[in-house]
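Before any comments, here is the structure.
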Protein chains: 2
Amino acid sequence: MPRAALTRERILQAGIRLADTGGSGSITMRKLGRALDVEAMSLYNHVANKDDLLDGMIDLVFGEIDLSPAGADWEERMRASAVSAHDAFLRHPWACGLILDPGTPRVIPARARYMESILGRLRDARFSAELTYHGYHALDSHILGFTLWEIGHALPPGDPAELFAGFQRLFPVSEFPHLAEHVRQHMTDGSHRDVGAFEFGLGLILDGLKRMRG
Amino acid sequence: MPRAALTRERILQAGIRLADTGGSGSITMRKLGRALDVEAMSLYNHVANKDDLLDGMIDLVFGEIDLSPAGADWEERMRASAVSAHDAFLRHPWACGLILDPGTPRVIPARARYMESILGRLRDARFSAELTYHGYHALDSHILGFTLWEIGHALPPGDPAELFAGFQRLFPVSEFPHLAEHVRQHMTDGSHRDVGAFEFGLGLILDGLKRMRG
DNA sequence: ACCTGAACACCGTTCAAGT
DNA sequence: ACCTGAACACCGTTCAAGT
């Protein structure tokens, strides 16, 4: 049986699968070729280069965001689509870091549609051009920035008690009492990697914007 | 004249200088060796590996943050130290991305002191343990996340008019009216890379925390 | 004690050669 | 039209050999 023909679509899907399981460090032209039973050089027939590959993968992730959620008012709908974005970026934890990586600005169709949607809904909710400008920045930077922050602060695998002990040795309670308390909260909380923490900051932003609109 | 002796301190300083001018992609054991007139392998006598090098560099950046700013009340002081952190990360635009990079959790002395200071000041300002926990996350993720977001969204070099034209060709005004308006605001605003944009989100968070404290 | 040459296992990418 | 072998210019890191 001849293997399935290589297409851009199949390459992007395989790239996402590879990154989901191995992290962004595992995305390599050579590894991706191996996953597709093909030499790395073959990929260049369907993808301009590695950046083009990453752009395509990220475009698909943005495509998973629900931009028309149900909801009674603008605030409820804005919260719902932010949570949908948060969910998508948690499903693909490699994406936020690549999107925010300075040096390679990624202008991507699905991201443009995402921006257009959020900006339009703020304007429709009677936000001024000025407040929409700053409000979008606050929302987008929270969605991408907080999610990346959250992914990086997840408890690493391994025995929590042992982890905590090693941490205490580096930063003794006597010198870092508040830090110790904070870390303990992280341990008992399980991980803070839940919708709650994301929505806490989101709520602050939405509340603030609503009050500023007057 | 024999060249100056290699030390960990000199290596970290040279690394920061290299990254400041060339971006995080320019940090290479080989390039760093060249900058110090030394073979790359020599660095391993003073630094365990590349991650240890990056940890040391980031530690120095955290050390630049003013943790005891003047100010009448907790809110004013919290805003001042957040702005000081923002300044430090803008001086070294490669740092945020490395700090937030998942997969290599960086437990670094200067960062522990930074956390201890902020957590302690929230508790001193009569925030509950619970609110301090979430408030710290909101503040830290805004400081690191927004700053990284901001650095990545700076206008790339080149003729702005030409840039705008290329953008319009990809995303026509008819289909993306709000996006076009937003981009136009970015152009006339110069860059939003100023304290104002950072403080906008910071103000939303501080206001929200103050109200939740009751 | 510290520096280095040679080597190893990786990268992204090009290009001529095959089918 | 699409795939590949060989090659190039890079990586991080180890280790024995030099001083």
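As a basis for the values below, the full set of heavy atoms in this structure was taken, side chains included, without hydrogen atoms, waters or symmetry mates. Chain A is the first sequence line, chain B the second, and so forth, proteins listed ahead of strands; every chain is numbered from 1.
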key: Nearest-angstrom distance from the residue atom CZ of A:R34 to C1' of C:dA9   = 11 Å
ask   = Does the gap between the ring centers of A:H86 and A:H142 come in under 6.0 Å?
value = no
key: Strand partner of D:dA7, provided both Watson-Crick or wobble distances fall under 3.5 Å   = C:dT13
ask   = Under 3.5 Å, is there a donor-acceptor pair linking the side chains of A:R77 and A:S68?
value = no
task = Check whether any side-chain nitrogen or oxygen of B:K31 sits under 4.0 Å from OP1 or OP2 of D:dC11, and answer yes or no.
result = yes
Distance, rounded to the nearest Å, where B:R30 contributes CZ and C:dA7 contributes P = 14 Å
message = From NZ of B:K50 over to C1' of D:dC11, roughly how many Å is that when rounded to an integer?
response = 8 Å
Test of ring centre spacing under 6.0 Å for A:F200 and A:F146 = no
message = Categorize B:M41 for me: base, sugar-phosphate, or nothing, with a 4.0 angstrom heavy-atom threshold over every strand shown.
response = base
ask   = Is the distance between the ring centroids of B:F127 and B:Y136 under 6.0 Å?
value = no
task = In whole angstrom, give the distance that lies between atom CE of B:M29 and atom C1' of C:dC8.
result = 17 Å
For C:dC2, the Watson-Crick or wobble counterpart (both distances under 3.5 Å) = D:dG18
Whole-Å gap separating P (D:dT14) and CD (B:E39) = 17 Å
ask   = Over how many whole Å does the gap from B:N45 atom CG to D:dT19 atom P extend?
value = 17 Å
ask   = Charged N to carboxylate O below 4.0 Å: is that the case for A:D59 and A:R106?
value = no
query = How close or far is atom P of C:dA1 from atom CZ of B:R8, stated in whole angstroms?
reply = 19 Å
task = May I ask you to say what A:S42 touches in the nucleic acid, namely base, sugar-phosphate or nothing, with a heavy-atom cut-off under 4.0 Å?
result = base
request  = Round to the nearest Å and state the distance from B:L32 atom CG to D:dG12 atom P.
outcome  = 10 Å
task = Please determine if a side-chain N or O atom of A:H46 lies less than 4.0 Å away from the OP1 or OP2 oxygen of D:dC3.
result = yes
